[in-house]
K.L.:
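Below is one structure. I have some questions about it.
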Amino acid sequence: MAQTMTSPSGITNFVINKGNGVKGLSEMGLKSLPKQYIQPLEERISTASFGIKNSEESIPIIDMSNWDDPKVAEAICSAAEKWGFFQLVNHGVPIEVLENVKEATHRFFELPAEEKSKNSKERSCSNNVRFGTSFSPQAEKALEWKDYLSLFYVSEDEASALWPPACKDEVLEYMKKSKILIKRLLEMLMKRLNVKEIDQEKEGLLMGSMRINLNYYPICPNPELTVGVGRHSDVSTLTVLLQDQIGGLYVRGCTDKKSWIHVPPVKGSLVINIGDALQIMSNGRYKSIEHRVAANGSKNRISVPIFVNPRPSDLISPLPEVLASGEKAVYKQVLYSDYVKHFFRKAHDGKSTIELAKI
Ligand SMILES: CC(C)(COP(=O)(O)OP(=O)(O)OC[C@H]1O[C@@H](n2cnc3c(N)ncnc32)[C@H](O)[C@@H]1OP(=O)(O)O)[C@@H](O)C(=O)NCCC(=O)NCCSC(=O)/C=C/c1ccc(O)cc1
Ligand SMILES: O=C(O)CCC(=O)C(=O)O
Ligand SMILES: [Fe+2]
């Protein structure tokens, strides 16, 4: 082992091919970060300076207890326009469901590498179940300090048959319970765009497919030299994100576009962010904001995003209701699966995916 681990290709083999992930590296007790994880200076996250410099800005925390009060819809739509990110408390998804999915995430990542690797791109019996590390290792100049399990939901039957038993029931329950919240959010967001009702066709376009990722960010020997996730915006309609109590998610500030704002963990809350698909459909009114995750030197962190998406076969473009008043379209029509493939085939590169749809 010691011999194979001294070369860069030994590390790649151990982490990527053998399925040990960065969790495997972390648990070997490495004293310093392997070269391929060292990010260029401008991408590194120096957490020491953040709290102090940007304390005047923070993303809104919205209480959804009275979700049918117009003030709640107003707060949500304004946050989606201004920040593209907000946190929800009293969102209606039972706390126990959230706790269970966090526990299931730890249970999955605690499995032996051999067991997790049965879900790797090479070995998985379905393209809809994938265990991996970093984001797109073939395309990246510097790797990211993160392992993940990505589950694309097709049907209850397929999920029952193919998702890993260590987490499938809890993940399915989390998805099911979140759907009510997702529908409420989309209804509010659509109303402001003059879409009065979400009929079947619109529902398919807005939330016709779901992908859920279980993210694992193990303790990192030199967190200041790398990232957990690099700068990106999500390609979803919207994302529902469950994070644990450790912290490390940063989003671009809305007034000072150079600043990064920490999203502090709030017990029982869910983080919501607008994705590129909704930025395109709203013709730029709702913002899909760049975000990134720091590595941590002392704690293992997890997060569980639900990416709510159009169907792969959908053509996405600014909605007719948005353009009805004569507003000029700033995005053209794109096939959603082409958009997602373009995103997955390159390294994280900030907001550049959406260039594909710009007129
Ligand atoms: C095009 C998809 C994604 C895959 O279809 P496929 O027929 O299996 O296509 P491919 O197998 O050709 O996959 C296209 C490329 O994407 C890669 N990929 C295939 N799933 C994956 C996968 N879960 N992970 C990371 N690469 C993948 C895959 O490896 C491949 O790259 P390459 O091997 O270099 O050609 C298809 O499922 C689709 O259209 N899905 C629409 C719904 C959807 O998944 N939306 C994405 C929402 S995800 C999101 O907003 C943010 C995600 C995100 C994730 C991680 C982050 O760090 C940050 C953000
Ligand atoms: O881990 C987090 O807090 C965010 C992860 C993320 O941005 C993503 O998976 O798209
Ligand atoms: Fe993200």
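Counting convention: from 1, in listed order, for ligands and their atoms alike.
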K.L.:
Under a 4.0 angstrom heavy-atom cut-off, which atoms of ligand 1 come close to Val229?
P.N.:
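Answer for ligand 1: 57 (O).
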K.L.:
Taking the cut-offs as 6.0 angstrom to the six-membered ring centre and 45 degrees off its axis, would you call Lys23 and Phe109 a cation-pi pair?
P.N.:
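Output no; distance or angle outside limits.
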K.L.:
Is there a donor-acceptor contact under 3.5 Å from the side chain of Ser26 to the main chain of Val22?
P.N.:
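Checked: no pair found.
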K.L.:
Can you report which non-hydrogen protein atom sits closest to atom 33 (O) of ligand 1, along with the distance?
P.N.:
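Protein heavy atom at minimum distance: Lys121 NZ, 2.6 Å.
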K.L.:
Does some side-chain heavy atom of Leu206 sit less than 4.5 Å from a side-chain heavy atom of Ile182?
P.N.:
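In short, these two side chains do not touch, never coming nearer than 4.5 Å.
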K.L.:
Is Glu43 salt-bridged to Arg231, cutoff N-O under 4.0 Å?
P.N.:
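Yes, charged N to carboxylate O under 4.0 Å.
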K.L.:
Please determine whether residues Ile274 and Phe85 belong to a single hydrophobic cluster, defined as Ile, Leu, Val, Met, Phe, Trp and Tyr linked transitively by side-chain heavy-atom distances below 4.5 Å.
P.N.:
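No, Ile274 does not connect to Phe85 through the hydrophobic network.
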K.L.:
Can you tell me if Gln138 has over 12 outside heavy atoms packed within less than 6.0 Å of its CD?
P.N.:
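More than 12 heavy atoms, drawn from other residues, nucleotides or ligands, come within 6.0 Å of this atom.
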K.L.:
For atom 44 (O) of ligand 1, what is the nearest protein heavy atom, given as residue, atom name and distance?
P.N.:
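Atom 44 (O) of ligand 1 sits closest to the protein heavy atom Arg211 NE, 2.7 Å.
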K.L.:
Please list the nearest protein heavy atom to atom 18 (N) of ligand 1 with its residue and the distance rounded to 0.1 Å.
P.N.:
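Ranked first by proximity to atom 18 (N) of ligand 1 is Phe344 CD1, 3.5 Å.
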K.L.:
Answer side chain, backbone, both or neither: which part of Ser337 comes under 4.0 Å from ligand 1, heavy atoms only.
P.N.:
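Both parts.
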K.L.:
May I ask you to say whether Glu187 pairs ionically with Arg184, meaning some side-chain N is under 4.0 Å from a carboxylate O?
P.N.:
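Salt bridge absent between Glu187 and Arg184.
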K.L.:
Looking at Lys299, I want to see if its NZ is surrounded by more than 12 non-hydrogen atoms of other residues, nucleotides or ligands under 6.0 Å.
P.N.:
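Incorrect, the count does not exceed 12.
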K.L.:
Could you name the option among Lys341, His232, His291 that has the heavy atom nearest to atom 10 (P) of ligand 1?
P.N.:
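Among Lys341, His232, His291, the closest heavy atom to atom 10 (P) of ligand 1 belongs to Lys341.
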K.L.:
Working to the nearest 0.5 angstrom, can you tell me the gap between Thr255 OG1 and Lys82 NZ?
P.N.:
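NZ of Lys82 is found 7.0 Å from OG1 of Thr255.
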K.L.:
Number the atoms of ligand 1 from 1 as they appear, then name those within less than 4.0 Å of a heavy atom of Pro312, with their elements.
P.N.:
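Listed by number with element, the hits are 38 (C), 39 (O), 40 (N), 41 (C).
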K.L.:
Do Tyr216 and Val293 belong to the same hydrophobic cluster, where Ile, Leu, Val, Met, Phe, Trp and Tyr are linked whenever their side-chain heavy atoms lie under 4.5 Å apart, directly or via other members?
P.N.:
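In one cluster with Tyr216: Val293, no.
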K.L.:
Classify the contact between Asp234 and ligand 1 as side chain, backbone, both or neither, using a heavy-atom distance cut-off of under 4.0 Å.
P.N.:
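For Asp234, backbone and side-chain atoms both sit under 4.0 Å from ligand 1.
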K.L.:
Using a 4.0 Å cut-off on heavy atoms, what residues surround ligand 2? Order them by chain and number.
P.N.:
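Lining ligand 2 at under 4.0 Å, by heavy atoms, one finds Asn215, Tyr217, His232, Asp234, Leu241, Leu249, His291, Val293, Arg301, Ser303, Pro305, Phe307.
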K.L.:
Could you tell me whether a side-chain N or O of Asn222 sits under 3.5 Å from a main-chain N or O of Leu33, the two making a donor and an acceptor?
P.N.:
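Looks like yes, one N/O pair under 3.5 Å.
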K.L.:
Which residue owns the protein heavy atom closest to atom 19 (C) of ligand 1, what's the atom, and how far is it?
P.N.:
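Result for atom 19 (C) of ligand 1: Arg130 NH2, 3.5 Å.
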K.L.:
Keeping to distances under 2.8 Å, can you name the protein N/O/S atoms close to the Fe ion (ligand 3)?
P.N.:
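Metal shell, protein only: His232 NE2, Asp234 OD1, His291 NE2.
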K.L.:
Using atom types as modelled and distance alone, determine if a side-chain donor or acceptor of Asp147 lies under 3.5 Å from a backbone N or O of Gly21.
P.N.:
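Side chain of Asp147 to backbone of Gly21: no pair is present.
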K.L.:
Is the distance between the ring centroids of Phe343 and Phe135 under 6.0 Å?
P.N.:
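Yes, the ring centres sit under 6.0 Å apart.
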K.L.:
At a 4.0 Å cut-off, with the gap strictly under it, does some heavy atom of Tyr148 reach an atom of ligand 1?
P.N.:
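Yes; Tyr148 lies near enough to ligand 1 that a heavy-atom distance drops under 4.0 Å.
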K.L.:
Does any N or O in the side chain of His291 come within less than 3.5 Å of the main-chain N or O of Arg252, such that one atom is a donor and the other an acceptor?
P.N.:
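Checking the backbone N and O of Arg252 against the side chain of His291, no donor-acceptor pair under 3.5 Å is found.
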K.L.:
Where on Asn309 is there a heavy atom closer than 4.0 Å to ligand 1, on the side chain, on the backbone, on both, or on neither?
P.N.:
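Contact part for Asn309 vs ligand 1: side chain (C-beta onward).
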K.L.:
Determine whether a donor-acceptor pair (N or O, by modelled atom type, separation under 3.5 Å) exists between the side chain of Arg107 and the backbone of Cys167.
P.N.:
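It does not hold such a pair.
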K.L.:
Should Lys202 and Glu321 count as an ion pair when the cut-off is N to O under 4.0 Å?
P.N.:
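Counted as a salt bridge, because a side-chain N and a carboxylate O are separated by less than 4.0 Å.
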K.L.:
Tell me the protein heavy atom at minimum distance from atom 6 (P) of ligand 1, and give that distance in Å.
P.N.:
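Checked against all protein heavy atoms, atom 6 (P) of ligand 1 sits closest to Asn127 ND2, 3.8 Å.
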K.L.:
Can you figure out which of Ser150, Pro137, Ser288 has its heavy atom closest to atom 23 (N) of ligand 1?
P.N.:
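Going through Ser150, Pro137, Ser288 one by one, Ser150 has the nearest heavy atom to atom 23 (N) of ligand 1.
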K.L.:
Yes or no: does Ser209 have any heavy atom under 4.0 Å from an atom of ligand 1?
P.N.:
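Distance cut 4.0 Å: Ser209 passes for ligand 1.
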K.L.:
For atom 35 (O) of ligand 1, which protein heavy atom lies nearest, and how many Å away is it?
P.N.:
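Scanning the protein heavy atoms, the shortest distance from atom 35 (O) of ligand 1 goes to Arg345 NE, 2.9 Å.
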K.L.:
Short question: side chain of Ser303, backbone of Gln243 - any donor-acceptor pair under 3.5 Å?
P.N.:
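No; judged by distance alone, with no hydrogens or angles, the pair does not exist.
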K.L.:
Side chain, backbone, both or neither: which part of Asn213 has a heavy atom under 4.0 Å from ligand 1?
P.N.:
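Side chain only.
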K.L.:
Identify, by atom number and element, the atoms of ligand 1 in contact range of Val235, meaning under 4.0 Å from any of its heavy atoms.
P.N.:
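So the atoms of ligand 1 that pass are 46 (C), 47 (C), 49 (C), 50 (O).
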K.L.:
Using the rule side-chain contact (heavy atoms from CB on, under 4.5 Å), only one of Lys116, Lys121, Glu115, Arg123 pairs with Phe131; which is it?
P.N.:
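Answer to the side-chain contact (heavy atoms from CB on, under 4.5 Å) test with Phe131 among Lys116, Lys121, Glu115, Arg123: Lys116.
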K.L.:
Quick check: does any side chain N or O of Ser65 sit under 3.5 Å from a backbone N or O of Asn90, one acting as donor and the other as acceptor?
P.N.:
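Looks like no, no N/O pair under 3.5 Å.
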K.L.:
Report the C-alpha separation of Arg211 and Ser150 in whole Å, then their side-chain angles, then the decisive distance to 0.1 Å, and conclude whether the side chain to side chain donor-acceptor pair (under 3.5 Å) test is met.
P.N.:
CA-CA 7 Å; Arg211 177 182 292 280; Ser150 184; 2.9 Å; yes
K.L.:
Check whether any side-chain heavy atom of Tyr153 sits under 4.5 Å from a side-chain heavy atom of Asn128, and report yes or no.
P.N.:
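No - every pair of side-chain heavy atoms lies 4.5 Å or more apart.
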K.L.:
Nearest to atom 57 (O) of ligand 1, what protein heavy atom do you find, and at what distance?
P.N.:
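The protein heavy atom lying closest is His348 CE1, 2.9 Å.
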K.L.:
Do protein heavy atoms approach atom 29 (O) of ligand 1 to less than 4.0 Å?
P.N.:
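It does: a protein heavy atom is found less than 4.0 Å away from atom 29 (O) of ligand 1.
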K.L.:
Taking side chain as C-beta onward, heavy atoms only, is Ser233 less than 4.5 Å from Gln279?
P.N.:
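Side chain of Ser233 against side chain of Gln279, heavy atoms only: no contact under 4.5 Å found.
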K.L.:
Does atom 4 (C) of ligand 1 have any protein heavy atom closer than 4.0 Å?
P.N.:
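Given the 4.0 Å cut-off, atom 4 (C) of ligand 1 does not count as touching protein heavy atoms.
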K.L.:
Could you see which bit of Arg311 sits under 4.0 Å from ligand 1, with heavy atoms only: side chain, backbone, both or neither?
P.N.:
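No part of Arg311 comes within reach of ligand 1.
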K.L.:
Examine Val340 against ligand 1 and note whether any of their N/O atoms are separated by less than 3.5 Å.
P.N.:
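Among all N and O atoms of Val340, none is under 3.5 Å from an N or O of ligand 1.
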K.L.:
Would you say Lys146 and ligand 1 have an N/O pair spaced under 3.5 Å apart?
P.N.:
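Yes, there is a polar N/O contact under 3.5 Å.
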K.L.:
For ligand 1, which atoms, with element, lie under 4.0 Å from some heavy atom of Ser236?
P.N.:
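The atoms of ligand 1 under 4.0 Å from a heavy atom of Ser236 are 50 (O).
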K.L.:
Measure from atom 48 (S) of ligand 1 to every heavy atom in Phe343, Phe307, Tyr336 and give the option owning the shortest one.
P.N.:
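Looking at heavy atoms only, Phe307 sits closest to atom 48 (S) of ligand 1.
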